[in-house]
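Take a look at the structure below.
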Amino acid sequence: MSLPWPRLPTVSSRNAFEHLFRCPACRGELANPYQGQLRCVLCHSSYGLVGRVPILICSDRSLFDPDEAVNQRDRTPTAVVGFRRAIPGLTNNYNAKRNFRRLGQLLREGAPDPVVLSIGGGEGGKGEDALDGIAILTTDVVLGPDTDALADAHDLPFADGAFDGVVIQAVLEHVLDPSICVAEVHRVLKPGGLVYAETPFMQQVHLGRYDFTRFTALGHRRLFRKFEAIDTGMSAGPGSALAWSLAHFLASFSRGPRMRKVLMALGKCMFFWLRLLDVPLKNNDAAYDAAAGFYFLGRRSEHTLADAELLATYRGGTDL
Ligand SMILES: [Zn+2]
């Protein structure tokens with residue numbers, strides 16, 4: 001069914017994915033009766049637009065304030081961004097590129113023109129460029145260079161079965177209820193649709209107050225229990241976890257945000273090399289008990305993994 005968007009003013013201001021958007025409150029279709037505003041044809045809720053980007057957040061249900069989301073555009077001076085990029089990172093995400101290539105291959109095998117939803121990917125995810133040539137709709141809670149819609153993962157503004165794939169990379173630790181968000185991922189995927197998730201386990205607080213949860217390997221698998229696993233593993237190992245821990249130990253001595261930034265930069269320069277130790281540990285089962293994070297590549301299923309089956313997937317090194 002084509003959607004009623006009668007007055008979008010010019011072709012260049014149109015959002016390529018507008019036919020996929022729905023009301024985040026009731027999944028009703030969206031009309032565009034006035035320039036700069038969308039209205040749900042069912043519940044009559046209104047949503048603003050920033051340029052071509054719709055703000056599809058329920059202000060009464062979301063932790064994120066739509067106005068704040070728009071105003072949180074990164075205005076850091078270019079010289080500072082360049083300096084930050086020169087500082088080595090603490091994480092060795094050695095599997096991301098390979099996993100995205102595999103996801104891309106499976107997507108192309110499943111549909112001629114697959115469409116992927118990237119949740120929280122407004123700044124561009126690690127390894128996501130391996131999906132080159134595949135249509136990616138990106139949502140986030142702040143405006144980034146790749147954001148196609150502002151949306152909260154608890155209330156995805158899309159119809160059931162809208163996507164062939166969903167990428168949710170380093171997001172589930174930042175949501176209040178990861179189970180609800182994964183249920184939403186399941187809902188917006190077509191039957192047999194693919195999900196790729198990366199979520200931290202041993203990693204310190206990041207993004208300030210918007211950081212709530214961590215997952216062990218089994219906790220992460222249970223979160224996706226309504227998906228058939230294609231591949232699971234460490235997204236970053238114990239070396240990355242140790243580098244993060246030492247840098248944040250150093251930053252714990254700070255007495256203000258500026259000093260914290262200096263100590264974090266110092267910590268990264270001192271300890272980044274520890275991430276290289278993830279390479280010899282990448283096939284070592286004991287490393288699963290101390291990894292920085294895990295990935296899950298899976299397929300939407302109607303079967304739910306039983307908890308007894310879940311326990312059988314444990315591959316760490318700890319004896320009871
Ligand atoms: Zn509605």
Side-chain angles (χ1 to χ4, degrees), residues 1-62 64-73 107 110-125 128 131-168 171 181 184-190 193-195:
M1 184 188 288
S2 64
L3 287 179
W5 293 68
R7 290 189 197 170
L8 283 173
T10 63
V11 172
S12 62
S13 70
R14 291 175 74 91
N15 188 310
F17 298 107
E18 62 193 33
H19 61 289
L20 293 173
F21 297 133
R22 295 291 186 277
C23 170
C26 77
R27 321 285 176 235
E29 293 185 1
L30 295 170
N32 187 12
Y34 311 109
Q35 193 174 321
Q37 195 186 72
L38 302 177
R39 183 167 287 181
C40 174
V41 299
L42 291 183
C43 72
H44 307 298
S45 298
S46 293
Y47 303 97
L49 288 152
V50 196
R52 63 174 184 84
V53 179
I55 309 165
L56 300 174
I57 293 176
C58 303
S59 50
D60 56 336
R61 299 213 302 231
S62 178
F64 301 102
D65 178 351
D67 293 331
E68 204 175 309
V70 171
N71 293 324
Q72 274 187 354
R73 218 185 281 252
L107 284 165
D113 296 304
V115 180
V116 169
L117 170 65
S118 172
I119 299 172
E123 303 283 331
E128 206 175 88
L131 295 181
D132 199 25
I134 291 178
I136 302 176
L137 190 168
T138 299
T139 63
D140 211 323
V141 291
V142 292
L143 268 181
D146 297 330
T147 308
D148 295 301
L150 289 167
D152 186 319
H154 297 83
D155 289 302
L156 290 175
F158 306 105
D160 298 359
F163 296 98
D164 300 283
V166 173
V167 171
I168 184 160
V171 169
C181 298
E184 280 289 90
V185 170
H186 193 276
R187 180 184 68 77
V188 302
L189 276 172
K190 291 174 183 168
L194 299 159
V195 65

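A pairwise comparison of heavy atoms in R39 and S46 identifies NE-OG, 3.4 Å as the closest pair. The shortest heavy-atom contact between S118 and I136 is CB-CG2, 3.7 Å. The two residues C43 and C40 have their closest heavy-atom pair at N-SG, 3.2 Å.
Side chain of D164 to main chain of V116: no donor-acceptor pair is present (N/O by atom type, distance under 3.5 Å, no hydrogens or angles).
Each of V141, T138, V166 was compared with I119 under the side chain to side chain contact (heavy atoms under 4.5 Å, CB included) criterion, and only V166 meets it.
How far CG of L107 is from CG of L131: 7.0 Å, rounded to the nearest 0.5 Å. Atoms CG and CZ, from L137 and F163 in turn, are 5.0 Å apart once rounded to the nearest 0.5 Å. Between L189 atom CG and F158 atom CZ the span is 12.0 Å, to the nearest 0.5 Å. If you take CG on L49 and CD1 on I55, they are separated by 7.0 Å, rounding to the nearest 0.5 Å. Taken from CD in Q37 to CG in N32, the straight-line distance is 8.5 Å, to the nearest 0.5 Å.
The side-chain contact (heavy atoms from CB on, under 4.5 Å) search around S59 returns P66, not counting sequence neighbours. Not counting sequence neighbours, the partners of R187 by the side-chain contact (heavy atoms from CB on, under 4.5 Å) test are R27, L156, D160, E184. When the side-chain contact (heavy atoms from CB on, under 4.5 Å) test is applied to P24, the partners found at least two apart in sequence or on another chain are Y47, L56, C58, D155, P157. Applying the ring pair (Phe, Tyr, Trp, His ring centres under 6.0 Å) criterion to H154, with sequence neighbours excluded, gives no partner residue. Scored by the side-chain contact (heavy atoms from CB on, under 4.5 Å) test, V53 finds L143, T147, L150 as partners (sequence neighbours excluded). Scanning for side chain to side chain donor-acceptor pair (under 3.5 Å) contacts around S62 gives D152, with sequence neighbours left out.
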Exercise. Decide side chain to side chain contact (heavy atoms under 4.5 Å, CB included) for L117 and L20; before the verdict, give the C-alpha distance in whole Å, the side-chain angles of both, and the deciding distance to 0.1 Å.
Key: CA-CA 10 Å; L117 170 65; L20 293 173; over 6 Å; no
Exercise. Could you give me the CA-CA distance, side-chain angles and deciding distance for D148 and R52, then say whether side chain to side chain contact (heavy atoms under 4.5 Å, CB included) is met?
Key: CA-CA 8 Å; D148 295 301; R52 63 174 184 84; 3.3 Å; yes
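Annotation: side chain of L38 is not in contact with side chain of F21 (no heavy-atom distance under 4.5 Å).
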